[in-house]
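Since this is a predicted model, take the numbers as computed values, not measurements. Counting starts at 1 for both ligands and their atoms, in listed order.
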Amino acid sequence: MEDVIVIGGGVVGCLTLRALASWKLRVRLIEKQYDLASGATMANSAIVHAGYDPEPGTRKARFNAEGNRLYPALARELDFLFLPTPSLVTAFGEEQEETLEKLLARGRENGVEGLSILRGEELFRAEPRLSEKVTAALRAPTAGITEPWSVAITAAENAADNGALLNLGEEVTGLSRLPDGILVTTDKGEYKARAVVNAAGVWADRIHDMLLPHAFSIRPRLGQYYLLDRKVGDLVKNTLFACPTREGKGVLLSPSVHGKLLIGPDAREVSDRELTPTDAEGLRFVRESAARFLREPLPMNLTIRTYAGIRPTPDTGDFIVGKTDVPGFYQAAGIESPGLASAPAIARELSETVARDLGAAKREDFNPFRRKQIRLNRMSEEEKRELISRDSRYAVIVCKCEKVSEAEIVDAIHRNAGARSVKGVKKRVGAGFGRCQAGFCQPVVVSILARELGIPKDQVLYDGPGSEILKGKVK
Ligand SMILES: Cc1cc2nc3c(=O)[nH]c(=O)nc-3n(C[C@H](O)[C@H](O)[C@H](O)COP(=O)(O)OP(=O)(O)OC[C@H]3O[C@@H](n4cnc5c(N)ncnc54)[C@H](O)[C@@H]3O)c2cc1C
């Protein structure tokens with residue numbers, strides 16, 4: 001019998017697992033995909049929103065503002081990339097300036113610090129390339145940018161380092177009540193747990209309905225992006241937003257933690273909950289919306305890829321977090337934006353509720369720090385020389401675009417929650433995220449995976465089962 005089973009290995013599930021692992025509880029995470037962070041957590045805008053946007057009094061408002069405050073310390077403990085990067089909500093004319101005033105008041109009510117409205121010289125000093133048509137902007141200095149999938153993966157690794165169990169590539173297919181807990185049925189077996197946390201993202205309504213009468217629906221909404229080369233990564237210093245509408249926060253223009261430029265997303269309701277296609281119409285909308293921000297044309301010729309993600313939008317309008325009517329069944333459902341920013345706060349509250357209900361005590365031996373990850377591309381020449389003198393595999397650069405070495409890839413494979421696929425390596429060390437999009441490094445990554453996992457090369461997967469890259473020997 002487990003104490004707690006968390007369903008879903010996105011940012012919410014992984015952070016909740018880690019928070020639960022800090023209590024005297026036996027915890028397990030079950031994720032249906034081959035790797036963690038394969039849902040909304042993989043493809044989004046990566047903004048740790050400050051918290052001025054959600055309506056005061058909502059769960060979104062509370063968790064966003066609290067989650068934002070938790071990020072700097074969390075990034076230090078888990079060693080993922082997080083860069084404080086102010087956001088600017090831009091207004092084009094008087095009517096939109098009124099919206100800025102409303103957002104300012106809302107932000108203050110939500111407890112967001114340091115908000116101000118910039119105009120004139122001050123505004124253009126903050127963002128020199130901004131279009132002259134922008135008349136004012138709400139500046140939120142506490143916003144940040146991060147690498148969303150790494151928040152999830154590093155949290156799961158740290159949880160596993162502290163004894164949590166991870167079942168990947170296993171789908172929860174049924175839940176039923178037991179006298180002393182819940183029976184979790186998967187496509188691979190059965191588990192009994194005193195408590196279950198539903199963090200199943202876009203499928204959270206289906207998981208809910210396995211135990212309770214239908215109460216909410218998730219409406220999948222697609223959002224498409226462009227990613228531009230780091231040659232233009234410094235085009236903007238802040239994350240630029242348009243004034244929000246009923247549809248959401250609209251298209252943004254933002255630096256990425258890797259020094260690239262992110263443009264997107266659009267918003268379109270879709271019927272498939274997992275397919276993430278891009279289309280010409282949506283991308284044109286993204287291009288045209290973003291073009292308004294700057295006084296110069298956007299360098300779209302430097303696009304290195306387009307991609308899309310699916311928002312798990314609940315029809316309730318707010319996050320659904322906490323206990324349910326079934327004893328032992330908890331949820332973090334409908335976690336659309338600002339879910340990434342909110343996740344640390346959701347995880348903290350949810351884990352405290354579960355631990356209290358189960359009568360668990362805090363662990364004294366919980367280690368919140370993940371073993372530091374060496375990132376060659378962030379080191380000085382002297383540091384690199386010192387490292388290479390200790391391990392020559394740091395001198396073997398596998399991904400030339402992102403400057404990722406063989407030693408970093410090997411380390412990523414052998415950690416808890418380590419990489420088991422080419423995409424898994426990409427998520428953990430960035431090999432393949434650069435300008436050539438793995439054109440050069442993929443064969444080498446395949447060889448390293450085969451060697452380190454002890455499998456033939458034709459069994460190495462790109463992402464999950466059925467995504468083998470090689471068919472067999474030609475010569
Ligand atoms: C286009 C877009 C832009 C966004 N921008 C931002 C932003 O800038 N800032 C921000 O704060 N938020 C943003 N968000 C929201 C943020 O990405 C999400 O709130 C967050 O990633 C949700 O995490 P999650 O763990 O709840 O869901 P997910 O990451 O989707 O994880 C759920 C997991 O559950 C698994 N699962 C489902 N069913 C089962 C089952 N039966 N058995 C086992 N596992 C199962 C899935 O495979 C999945 O891995 C954006 C979202 C999108 C799509």
Side-chain angles (χ1 to χ4, degrees), residues 5-17 29-51 53-54 60 63-64 67-68 71 87 143-146 148-149 151-152 155-156 167-175 184-188 196-208 210 218 220-225 239 241 248-252 254 256 262 264-268 270 273-274 276 282 286 307-314 319-321 331-347 464:
I5 287 181
V6 177
I7 305 171
V11 69
V12 174
C14 291
L15 283 170
T16 303
L17 182 80
L29 181 139
I30 302 181
E31 164 57 51
K32 71 174 180 167
Q33 301 294 349
Y34 193 68
D35 199 2
L36 299 160
S38 296
T41 301
M42 186 58 207
N44 56 63
S45 306
I47 312 298
V48 178
H49 295 286
D53 188 46
K60 280 185 182 172
F63 288 127
N64 185 169
N68 170 283
Y71 257 90
S87 59
I145 53 176
T146 190
W149 53 91
V151 183
N167 293 38
L168 305 182
E170 183 164 350
E171 181 171 358
V172 173
T173 52
L175 297 174
V184 179
T185 309
T186 74
D187 56 355
K188 294 195 176 147
V196 167
V197 175
N198 170 13
V202 82
W203 296 107
D205 52 350
R206 300 283 170 86
I207 297 289
H208 168 276
M210 290 176 183
I218 303 284
R221 287 193 312 138
L222 191 80
Q224 307 181 52
Y225 294 90
T239 297
F241 289 96
K249 290 181 272 292
V251 170
L252 59 80
S254 177
S256 81
L262 186 65
D266 64 338
R268 178 162 56 88
V270 286
R273 296 185 182 214
E274 288 184 351
T276 53
V286 167
Y307 66 90
I310 294 196
R311 303 170 179 88
T313 303
F319 295 160
I320 301 151
V321 178
Q331 324 199 82
I335 312 297
E336 59 173 341
S337 186
L340 172 67
S342 307
I346 296 173

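Those atoms of ligand 1 with a heavy atom of V11 less than 4.0 angstrom away are 20 (C), 21 (O), 23 (O), 25 (O). Each of the following atoms of ligand 1 lies closer than 4.0 Å to a heavy atom of G39: 29 (O), 30 (O), 49 (O).
Considering backbone and side-chain N/O of I47, one or more are found under 3.5 Å from N/O of ligand 1. On a distance-only criterion, S342 and ligand 1 share no N/O pair closer than 3.5 Å. Below 3.5 Å of separation, one finds no N or O of A43 facing any N or O of ligand 1. Taking distance alone, with nitrogen or oxygen atoms compared against 3.5 Å, V48 stays at or beyond that limit from ligand 1. When only interatomic distances are considered, the shortest N/O to N/O separation between R221 and ligand 1 does not fall below 3.5 Å. For a threshold of 3.5 Å applied to N or O pairs, the pair formed by I335 and ligand 1 contains at least one separation below that value. Geometrically, ligand 1 and A341 share a nitrogen or oxygen pair separated by less than 3.5 Å. Considering backbone and side-chain atoms together, N44 places an N or O closer than 3.5 Å to an N or O of ligand 1. Considering both main-chain and side-chain atoms, R311 never comes within under 3.5 Å of ligand 1 through any nitrogen or oxygen pair. Below 3.5 Å of separation, one finds no N or O of I207 facing any N or O of ligand 1.
At a heavy-atom distance under 4.0 Å, only backbone atoms of A199 (N, CA, C or O) approach ligand 1. Of all the heavy atoms of E170, the ones lying under 4.0 Å from any atom of ligand 1 belong exclusively to the backbone. At a heavy-atom cutoff of 4.0 Å, ligand 1 is contacted by the backbone of E336 but not by its side chain. Of the heavy atoms in A343, none comes closer than 4.0 Å to ligand 1.
Residues Y71 and H49 place their aromatic rings such that the two centres sit no closer than 6.0 Å.
Taking the charged nitrogens against the carboxylate oxygens, D266 and R221 have no contact shorter than 4.0 Å, which rules out a salt bridge.
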